[in-house]
Amino acid sequence: MTDAAKVNLLGLTQAKLEAFFEELGEKRFRAGQVMKWIHHFGVDNFDDMTNLGKALREKLKARAEIRGPEVVSEDISKDGTRKWVVRVASGSCVETVYIPQNGRGTLCVSSQAGCALDCSFCSTGKQGFNSDLTAAEIIGQVWIANKSFGTVPAKVDRAITNVVMMGMGEPLLNFDNVVDAMTLMMDDLGYGISKRKVTLSTSGVVPMIEKLGEVTDVALALSLHAPNDELRNQLVPLNKKYPLAVLLPACNRYIAGLGEKRYLTIEYTLLKDVNDQPEHAQQLIELLRETPCKINLIPFNPFPYSGYERPSNNAIRRFQDMLHNAGYNVTVRTTRGDDIDAACGQLVGQVMDRTRRSERYIAVRQLADEQPGVVQPTSRN
């Protein structure tokens, strides 16, 4: 059997791995043994699985493999942030970022090579879209990071305590693979991360938010970025399909369905003179009045040809204070890893763009720079 025809066990949930062993004529408990070797010990060689008989190991070598994405590079920031560039099967490269802070270690994981949504302030979106990642390529980012910290065999004091699906791509547009990967993150035979510490961030794919509530109870974050439909249509084009009057009730239903005191995380990127004014803060206060939430303000991280600027510290504090005085739990995300282009909104990778969006975008921006006031960048789905 060629490698291409082999089953990659890295991305199989416990239920799927049990089914695989049944197809092999083996007992279902073998799935638990192999999961521990893969995720607790970082093993990718069946010969190292010493509690499996030789005949089974040979059978596995003929029918299966354990293969993570190829690591192209690993960079470490002066603030301790790490960034991995990994190559996936489509040939594109995606990025994974680890952020250590206050005793936590948060891994920001990508779900797609590029992104189809084209949010105007995000460098990932300007790279266009190539492919969905497989479950193995998504969980493989956790697997690679975990091994790099020497936390295999598995330890109670782990480097990775939180995972956020906030890297490249829109997770809900790669639903099945993302759900399988998150299931592995939370499984005790996988990485044993609490459901409260696995967060999926979406730009607002409403039907998939509804579906998500049927299959998992991970934390939910909404990339909001604007307090009204007119502005959000410009910044997040998906809003034209799922406006705020539809989106926020869907998020509220998801949070209510968790059956315990849980909150929606609101991600709001602050753009100078675009969405950072007092009137925007007041609109946001009113918009979220009925939504149990905490608000994460993200000062814009510049990238070439973006057309946007970071607000002043005074403007950021003013916006935060208005929300805080209205009773909201508000934090300002500290920029981390910008010296290795690992800050929020800066993940680019090397996307083999099927949409040709990146070359159109750069051409428009260059023309705008040459002829100020004549042409402006446009968002295209």
Side-chain angles (χ1 to χ4, degrees), residues 13-16 99 102-111 135 138-139 142 158 160-167 169-225 227 232 236 238-239 242-268 284-298 323 326-331 333:
T13 62
Q14 183 178 355
K16 290 183 176 180
I99 306 164
N102 299 330
R104 296 194 311 270
T106 300
L107 192 70
C108 184
V109 172
S110 294
S111 58
I138 298 169
I139 199 64
V142 184
R158 292 169 297 189
I160 300 170
T161 62
N162 299 61
V163 176
V164 291
M165 299 299 306
M166 295 181 186
E170 165 53 61
L172 291 183
L173 293 182
N174 187 14
F175 188 88
D176 291 339
N177 290 325
V178 165
V179 168
D180 279 359
M182 293 191 304
T183 299
L184 283 167
M185 294 172 197
M186 295 183 289
D187 196 319
D188 286 340
L189 294 172
Y191 299 88
I193 301 172
S194 164
K195 62 187 178 183
R196 292 175 176 268
K197 296 182 179 181
V198 175
T199 301
L200 182 145
S201 176
T202 180
S203 294
V205 188
V206 169
M208 294 296 101
I209 295 173
E210 307 280 9
K211 186 176 178 181
L212 188 69
E214 299 172 2
V215 296
T216 190
D217 55 357
V218 297
L220 184 67
L222 173 63
S223 294
L224 186 62
H225 310 304
R232 195 165 193 265
V236 185
L238 182 66
N239 194 72
Y242 304 116
L244 294 171
V246 174
L247 174 57
L248 284 175
C251 293
N252 288 343
R253 286 192 295 274
Y254 178 87
I255 297 300
L258 298 180
E260 52 193 270
K261 193 173 183 181
R262 301 276 289 275
Y263 296 91
L264 176 69
T265 298
I266 298 294
E267 306 283 347
Y268 193 101
L284 191 60
I285 289 167
E286 296 303 322
L287 178 69
L288 299 175
R289 190 76 70 184
E290 303 301 322
T291 299
C293 64
K294 53 186 178 180
I295 303 172
N296 193 357
L297 300 178
I298 308 166
L323 297 174
Y328 289 95
N329 179 359
V330 189
T331 58
R333 182 177 297 174

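As the structure is a prediction and not an experimental result, all values here were calculated from the model.
Listed by chain and residue number, His39 satisfy the ring-ring contact (aromatic ring centres under 6.0 Å, His included) test with Tyr191 (two or more places apart in sequence, or in another chain). For Asn174, the side-chain contact (heavy atoms from CB on, under 4.5 Å) test picks out Gln112, Asp132, Leu133, Ile138, Asn177, Val178, with sequence neighbours left out.
The two atoms that bring Ala181 and Ile139 nearest to each other are O-CD1, 3.5 Å, heavy atoms only. When all heavy atoms of Ile255 and Pro292 are compared, the closest pair comes out as CG2-CG, 4.2 Å. Shown here for Tyr242 and Gly204, the closest heavy-atom pair between the two residues is CD1-O, 3.3 Å. Residue Tyr328 comes nearest to Leu284 through the heavy atom pair OH-O, 4.4 Å, listed as atom of the first residue, atom of the second, then distance. Residue Ile209 comes nearest to Tyr254 through the heavy atom pair O-CD1, 3.9 Å, listed as atom of the first residue, atom of the second, then distance.
Under 3.5 Å, the side chains of Asn252 and Thr291 contain a donor-acceptor pair of N or O atoms. A side-chain donor from one of Thr202 and Glu170 sits under 3.5 Å from a side-chain acceptor of the other.
Contact check for Arg262 versus Arg196: side-chain heavy atoms found under the 4.5 Å cut-off. Here the side chains of Leu224 and Arg232 are in contact, with some heavy-atom distance below 4.5 Å. Looking only at side-chain heavy atoms (C-beta outward), Leu220 and Leu258 stay at 4.5 Å or farther from each other.
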* Give the C-alpha distance, both sets of side-chain angles, the deciding distance and a yes or no for side-chain contact (heavy atoms from CB on, under 4.5 Å) between Leu212 and Val179. => CA-CA 8 Å; Leu212 188 69; Val179 168; 4.2 Å; yes
* Take Thr13 and Asp187 through the test side-chain contact (heavy atoms from CB on, under 4.5 Å) and record every step on the way to the result. => CA-CA 9 Å; Thr13 62; Asp187 196 319; over 6 Å; no
* Asked: side-chain contact (heavy atoms from CB on, under 4.5 Å) between Phe175 and Val205: does it pass, once the steps are laid out?
  -> CA-CA 11 Å; Phe175 188 88; Val205 188; over 6 Å; no
* To do: Go through Met166 and Thr199 one step at a time and tell me if the side-chain contact (heavy atoms from CB on, under 4.5 Å) criterion holds.
  => CA-CA 8 Å; Met166 295 181 186; Thr199 301; 4.0 Å; yes
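Val163 pairs with exactly one of Val218, Ile193, Leu200 by the side-chain contact (heavy atoms from CB on, under 4.5 Å) rule, that one being Ile193.
With rounding to the nearest 0.5 Å, the separation of CG in Leu288 from SG in Cys293 is 4.5 Å. Leu189 contributes atom CG, which lies 5.0 Å from atom CD of Gln14 (distance to the nearest 0.5 angstrom). Distance check, rounded to the nearest 0.5 Å: CG of Leu244 to SG of Cys251 gives 10.0 Å. Atom OG of Ser223 and atom CD1 of Ile266 lie 9.0 Å apart (nearest 0.5 Å). For the atom pair CG (Leu222) and CD1 (Ile295), the distance works out to 11.0 Å, reported to the nearest 0.5 Å. Residue Ile160 holds its CD1 atom at 14.5 Å from CZ of Arg104, rounded to the nearest 0.5 Å.
Applying the side-chain hydrogen bond (donor to acceptor under 3.5 Å, both in side chains) definition to pairs two or more places apart or across chains, those involving residues 210-221 are Lys195-Asp217, Glu210-Arg253.
The number of heavy atoms from other shown groups lying within 6.0 Å of CD (Glu260) is above 12.
With Thr265 contributing its side chain and Lys294 its backbone, the two residues share no donor-acceptor pair below 3.5 Å.
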